[in-house]
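Given the structure is predicted, the values throughout are model-derived calculations rather than measurements.
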Amino acid sequence: MAEHLTPLDAGFLGVEDSDHNVSMATGTLAVLDGPIPDHSEVVATLAERLRGCPRFGQRLVRHALDLGAPEWVDDPHFDIAHHIGRVAVPAPGGDAELHGVVADVMSWRLDRDRPLWEIWVIGGLSGDRWALLMKVHHCIADANATAHMLKGLSDNGFARGAAHGPPNAAEVPHDAPRSARPLLDLNPVHWLYNLRGVVEFAAGVLQPAASSLNGPITSRRRYSAARVSLDDVQQVCQVFGVTVNDVVLAALTDSYRDFMIRRGEVPQPDSLRTLVPVSMGSAEPQDSDNRVSLLLPSLPIEESNPVQRLLTVRYRLSQAKAGGQRHAGRAVMSAAGLLPVAWSSWAARLLGRLPQRGVVALATSVPGPVEPLQIMGCDVVQVLPVPPIAMQLRTGVSILSYAGNLFIGVLADFEFAGVDELARGLESAVARLVARSKRRKPLRDWHGLTLVHSA
């Protein structure tokens with residue numbers, strides 16, 4: 001029996017169809033220590049470890065006018081050599097040159113006549129390093145699944161999978177059934193509660209933001225990345241009573257603020273309306289990934305005080321959740337999943353063509369492997385996420401935790417020349433919060449709530 005794409009996953013194809021400059025592929029970049037192995041050895045190793053992933057040997061078949069859901073079928077002409085390529089970065093082989101290669105690879109679309117994935121073996125790096133870039137279409141896997149796929153291809157994940165059977169559902173969650181239809185909550189009381197959130201979300205999308213950070217995008221990309229210590233971030237969390245995501249979003253806000261000010265813009269309260277996906281379901285890899293909601297907070301880019309900005313981020317995210325945005329976003333996503341494929345594809349193409357100016361940025365968080373990985377005996381020293389951009393969003397930010405660090409990937413349109421500024425600004429903003437946290441001691445009131453002296 002043929003397996004079909006869900007309407008939500010088919011919508012990613014529709015978004016891509018709406019703009020020839022958009023590629024809806026998500027990526028994960030692993031940087032490894034050690035001499036690069038022979039390419040034929042890399043291909044053979046990856047081929048062996050991909051055998052437990054049936055989706056990697058399948059392509060999509062679409063119906064005329066999208067009257068039926070696209071189907072996954074085995075590709076009779078599948079050749080892994082078409083999907084594992086190699087490239088060398090130009091001299092001197094530093095991070096800037098590596099990020100340039102990542103940007104180029106993520107710029108072009110995957111060939112829909114073949115299985116929708118690529119792996120690039122990247123050589124020429126300085127310091128006796130090499131890299132693997134995994135690029136997968138969003139209709140197969142999101143950033144969370146792609147990070148787990150990398151673990152499944154590592155020595156650690158493959159050895160574990162080999163001991164318990166093929167490394168498919170255990171380590172590669174994109175092979176979980178994605179055809180299950182989401183359940184739509186029909187309780188009218190719940191819908192009335194969600195109405196406020198729906199109104200807030202719609203108003204955020206429709207009201208133009210006071211920002212130059214969104215607009216038409218080209219077919220080329222820029223990429224940069226930041227790295228911060230998870231221990232440092234958790235210290236900030238402990239002192240100020242916030243979450244890791246609060247800290248990263250506050251640092252992102254700080255970086256965008258400095259970017260705008262350097263260009264003579266005055267940050268306004270609605271200058272950084274940011275789309276924040278929120279997981280609503282189980283973390284088990286075999287579960288469908290339709291259990292996703294959306295928040296659309298206006299991050300406090302107008303606030304100049306780093307600590308007050310952090311606390312305001314926490315407050316606004318709490319308000320967005322309490323006001324029903326999270327439940328409303330889940331309800332909207334569930335309802336979209338129940339639409340006929342033709343309708344969802346048409347709606348996705350329409351949304352992709354609209355010149356929306358309400359949403360400015362995308363920020364997504366991905367829990368990565370806790371323990372250090374190895375691939376072909378080489379230590380994986382960095383795991384960098386690469387988000388897609390679409391629908392007039394000129395920048396996308398993805399945060400991934402790995403082995404005691406947070407790695408933050410920033411993908412931007414080529415015309416957005418400040419991608420490195422954003423990445424370095426994120427690191428500086430976290431450092432400022434860490435410095436402030438070392439000057440503050442948390443106090444507890446008689447209710448047990450954490451209080452912090454004003455900064």
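Judged by distance alone, the side chains of Ser437 and Gln235 do bring a donor and an acceptor atom under 3.5 Å apart. With no hydrogens or angles considered, no side-chain donor-acceptor pair links Gln319 and Arg316 at under 3.5 Å.
Asp95 has no carboxylate O lying under 4.0 Å from a charged side-chain N of Arg227, or vice versa, which leaves the two without a salt bridge.
By the neighbour-count criterion of 12 heavy atoms within 6.0 Å, atom CZ of Arg262 is densely surrounded, having more than that number from other residues, nucleotides or ligands. The neighbour count for Tyr315 OH, taken as heavy atoms of other residues, nucleotides or ligands under 6.0 Å away, does not exceed 12.
Across every non-hydrogen atom of Arg49 and Met376, the tightest pair is NH1-N, 4.5 Å. In terms of heavy-atom proximity, Ala131 sits nearest to Leu32 at CA-CD1, 4.0 Å. Shown here for Asp17 and Arg62, the closest heavy-atom pair between the two residues is OD2-NH1, 3.1 Å.
With a 4.5 Å cut-off on side-chain heavy atoms, Ser23 and Leu110 do not count as touching. No side-chain heavy atom of Lys151 sits less than 4.5 Å from a side-chain heavy atom of Asn156. Side-chain atoms of Thr395 and Tyr256, non-hydrogen and from C-beta on, do get closer than 4.5 Å to each other. In this structure, Leu153 and Ile119 have side chains that are in contact, with non-hydrogen atoms separated by less than 4.5 Å. The closest side-chain heavy-atom distance from Met260 to Leu213 is below 4.5 Å. In this structure the side chain of Phe240 never reaches within 4.5 angstrom of the side chain of Asp246, judged on heavy atoms. The closest side-chain heavy-atom distance from Trp72 to Ile140 is below 4.5 Å. With contacts defined as side-chain heavy-atom distances shorter than 4.5 Å, the pair Arg222/Asp413 does not qualify.
Ring planes of Trp108 and Trp120: perpendicular class, angle over 60° (limits at 30 and 60°). Between Tyr402 and Phe407, the ring planes lie tilted relative to each other; the angle falls in the 30° to 60° range.
Each of Leu272, Ile261, Asp270 was compared with Ile301 under the side chain to side chain contact (heavy atoms under 4.5 Å, CB included) criterion, and only Leu272 meets it. For the side chain to side chain contact (heavy atoms under 4.5 Å, CB included) criterion with Arg112, the lone passing option out of Val61, Leu13, Leu60 is Leu13.
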Could you walk me through whether Leu132 and Val121 pass side-chain contact (heavy atoms from CB on, under 4.5 Å), step by step?
CA-CA 5 Å; Leu132 283 176; Val121 182; 3.7 Å; yes
Could you walk me through whether Leu29 and Met106 pass the side-chain contact (heavy atoms from CB on, under 4.5 Å) check?
CA-CA 11 Å; Leu29 176 70; Met106 300 304 294; over 6 Å; no
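Listed by first then second residue, pairs satisfying ring pair (Phe, Tyr, Trp, His ring centres under 6.0 Å) with a partner in residues 408-433 read Phe259-Phe416, not counting sequence neighbours.
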